[in-house]
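Numbered from 1 within each chain, the chains take letters A, B, ... in sequence-line order.
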Amino acid sequence: MKVRTRFAPSPTGYMHIGNLRTALYEYLIAKSQGGDFLLRIEDTDQKRYVEGSTDIIYNTLKTVHMDWDEGPDIGGNYGPYVQSERRPIYKEYAQKLVELGGAHYCFCAAHDDEDDGDDENKIPTKFKDPCKRIPLEEAKARVAAGEPYTIRQTINKKGVSHFHDEVYGDIEIDYDELDEGVLLKTDGLPTYNFANVVDDHLMGITHVVRGNEYISSTPKYNLIYEAFGWTPPIYVHVPPVMKDAQHKLSKRNGDASFQDLVAKGYLPDAILNYIALLGWNPGTDQEIFSLDELKKCFTAERLNKSPAIFDIVKLTWMNGCYIRELPTEKFHEMAMPYYQKYLTRDLNLPMLSKVLQPRIETFGDIEAQTDFLEKMPEYSLELYTNKKMKTDIDIAKKTLALTLPALQNVSDWSNENLFEQLKNLAAANELKNGQILYPLRIALSGKETTSGGATEIATILGKEETLRRIQQALQKLGA
RNA sequence: GGUCCCAUCGUCUAAUGGUUAGGACAUCACCCUUUCACGGUGGUAAUAUGGGUUCGAAUCCCGUUGGGAUCACCA
């Protein structure tokens, strides 16, 4: 049987990393076995709907190349793929479930959740609906008379429910723990509890992958499958992605959303690679994976049970690996928007890219790495003193005075030539290379550390600006 | 509170009864070096806890502790 999985987000705002990881696992379970991956929009809660969030979902999946085989935009044989467009289907199946004894009409008012007065002593009890004792004919008459109603699940079963989960193994839950929850709301739309069962069955979903918060309600869904005479899917419950040991990653608190990370200069492929490893491992020491490689080696058996904390530091490292692997031209092209944002001076940008590529971990680092190119910062003369380089203020004064005329005569302003010239200058004056190069770098950057050395910075700045900065430094040194 | 689930270095994880408990990130030291970075070498660092079972337990069982989830006309 062909494997079919679905990503079924609700359009309620941003796409966070946990969502994306669930989508990835769904995608990989299908694609590792040549199956289908479909996209379904679960918009049955009109109150929580956020304009534009379906576009975010489409765009995110597209940028990481997780292509779906069926979905709202491209259609398929099991549509529609937006739940609000499936309203008649749910009503039909809900009524059928009532006839089958798996549900009943309920006329109770909605629960008011506002009284949080004595929360300490509030012990919730299982909701057992009195309406299920209303004779079906009477209930139907009230519905026909226009009385508002919901359809609730009927749970009369006693004892213990068993089911198997691919990650957590065999789970047992007592039927007494199950609520007789609403399946079809007053507004005629289904709740998640009903819609996901009906749709997953109708759409031929073989593997249901979702957060482990659904484990405790899974027996309820199985009861519905059972009442209809349907075969339940294979369940794959995955642990949450955490912000820290206590808190899940959430949209509130400004926690990492995919698009935030991209905006900060993280590469989509690196993000995807990192989250694949948050809760899954290949069983080898390999850590860098393309999506195609993941498709080849992914197996649900190697999914983890315990929550994983999202570690931006490791993601940053991995992003650095991806940046270093970029072809030079590609890196330059991707860095260009950042250059345009932070730099106005006429610089040797290809040289800047060459210097930056092995040094930055995200494109967002460019700003801090290049600020001195734009404007010479204020700096202390103490910077000229460096024990290891055997320089101090006096030596700097002397060597910069030698460097200035030497560079004035240079016509080939390439890094290689500048380095060669200055090495020769050092040798001719019986100086160490560092005694020439270290003060020069300070004079050009005003910073203790920089991306690149003296001659690289000179190359980037160009001859005119380089000479100007050396003159300024000599002035500052009182030479 | 009931129920369910989880527990290996700071973090992500490997080891499905026998390993000096392995790898990666981070961190520290050293090497390379025109600073920084990249790269290389090495170090520090973990089986929450108490009982069992077993010749032998990170691994199996029970208790404890800690954490998470769930108990909506949200998903």
Indicate whether OP1 or OP2 belonging to [N] is found under 4.0 Å from a side-chain N or O atom of [X].
X        : N     : value
A:Lys47  : B:C74 : yes
A:Asn433 : B:U33 : no
A:Lys432 : B:U34 : no
A:Arg40  : B:A75 : no
A:Asn281 : B:A14 : yes
A:Thr284 : B:G23 : no
A:Lys390 : B:U35 : no

*If you look at every heavy atom in A:Gln83 and A:Asp43, which pair is closest and at what distance?*
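For A:Gln83 versus A:Asp43, the nearest heavy atoms are N-OD1, 3.4 Å.
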
Does any N or O donor sit under 3.5 Å from an N or O acceptor when you compare the side chain of [X] with the base of [N]?
X        : N     : value
A:Lys388 : B:U34 : no
A:Thr186 : B:C73 : yes
A:Lys314 : B:A24 : yes
A:Thr455 : B:U34 : yes
A:Tyr214 : B:A69 : no

Could you please name the partner base of [N], counting Watson-Crick and G-U wobble pairs only when both distances are under 3.5 Å?
N     : answer
B:G1  : B:C71
B:A29 : B:U41
B:C60 : B:G52
B:U65 : B:A7
B:A46 : none

How far does the [atom1] atom of [N] sit from the matching atom of [M], given to the nearest Å?
N     : M     : atom1 : answer
B:U64 : B:C30 : C1'   : 46 Å
B:U11 : B:G18 : P     : 26 Å
B:C55 : B:G42 : C1'   : 38 Å
B:C60 : B:U16 : C1'   : 11 Å
B:G10 : B:G51 : P     : 23 Å
B:A57 : B:C4  : C1'   : 27 Å

Mind checking [X] for me? I need base, sugar-phosphate or nothing, with any heavy atom below 4.0 Å counting as a touch.
X        : result
A:Glu172 : sugar-phosphate
A:Gly279 : sugar-phosphate
A:Thr449 : base
A:Asn196 : nothing
A:Ala454 : base
A:Gln369 : nothing
A:Phe310 : nothing

Ignoring the backbone of [X], work out which of [options] is nearest its side chain.
X        : options             : answer
A:Trp317 : B:A37, B:A75, B:A24 : B:A24
A:Val313 : B:U35, B:A26, B:C73 : B:A26
A:Asp179 : B:U70, B:U35, B:C71 : B:C71
A:Thr450 : B:A15, B:U35, B:A75 : B:U35
A:Thr191 : B:A75, B:A15, B:U34 : B:A75
A:Glu177 : B:G2, B:U33, B:A75  : B:G2
A:Met389 : B:U70, B:U34, B:C6  : B:U34
A:Arg152 : B:U13, B:A24, B:C73 : B:C73
A:Arg324 : B:C36, B:C38, B:U34 : B:C38
A:Pro358 : B:G68, B:C38, B:A75 : B:C38

*Could you tell me whether the side chains of A:Glu448 and A:Asn386 share a donor-acceptor contact shorter than 3.5 Å?*
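Note: A:Glu448 and A:Asn386 side chains miss the donor-acceptor criterion.
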
Ring-ring centroid check [X] [Y], cutoff 6.0 Å:
X        : Y        : answer
A:Phe194 : A:Tyr221 : no
A:Trp280 : A:Phe298 : yes
A:Tyr214 : A:Tyr192 : yes
A:Tyr235 : A:His237 : yes

Can you tell me the distance, in whole Å, between the [atom1] atom of [X] and the [atom2] atom of [N]?
X        : N     : atom1 : atom2 : value
A:Leu277 : B:U13 : CG    : P     : 8 Å
A:Glu213 : B:G67 : CD    : P     : 20 Å
A:Ile312 : B:C12 : CD1   : P     : 15 Å
A:Met242 : B:U11 : CE    : C1'   : 13 Å

*Along RNA chain B (nearest heavy atom to each residue), the more 5'-positioned of A:His247 and A:Asp45*: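 Its nucleotide being nearer the 5' end, the pick is A:His247.
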
*Toward the 5' end of RNA chain B, which comes first, A:Asn415 or A:Ser10, by nearest nucleotide?*
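Checking each residue's closest nucleotide, the 5'-ward one belongs to A:Asn415.
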
Looking at [X] and [Y], would you say the former's side chain and the latter's main chain have a donor-acceptor pair under 3.5 Å?
X        : Y        : value
A:Asn417 : A:Asp412 : yes
A:Ser290 : A:Glu293 : yes
A:Arg469 : A:Ala443 : no
A:Asp179 : A:Gly181 : no
A:Lys463 : A:Val410 : yes
A:Tyr266 : A:Leu315 : no

*Within a radius of less than 6.0 Å around NZ of A:Lys91, do more than 12 heavy atoms belonging to other residues, nucleotides or ligands occur?*
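No.
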
*Which ones in residues 159-169 of chain A lie close to RNA chain B, meaning a heavy atom under 4.0 Å from one of its atoms?*
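The answer is A:Tyr168.
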
*Output the residues of residues 438-447 of chain A in contact with RNA chain B, where contact means a heavy atom of the residue under 4.0 Å from an atom of the strand; sort by number or write none.*
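By residue number: A:Arg441.
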
*Just one of A:Leu373, A:Leu461, A:Thr450, A:Ile460 clears the side chain to side chain contact (heavy atoms under 4.5 Å, CB included) bar with A:Leu444, so which one?*
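Among A:Leu373, A:Leu461, A:Thr450, A:Ile460, the one that satisfies the side chain to side chain contact (heavy atoms under 4.5 Å, CB included) with A:Leu444 is A:Leu461.
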
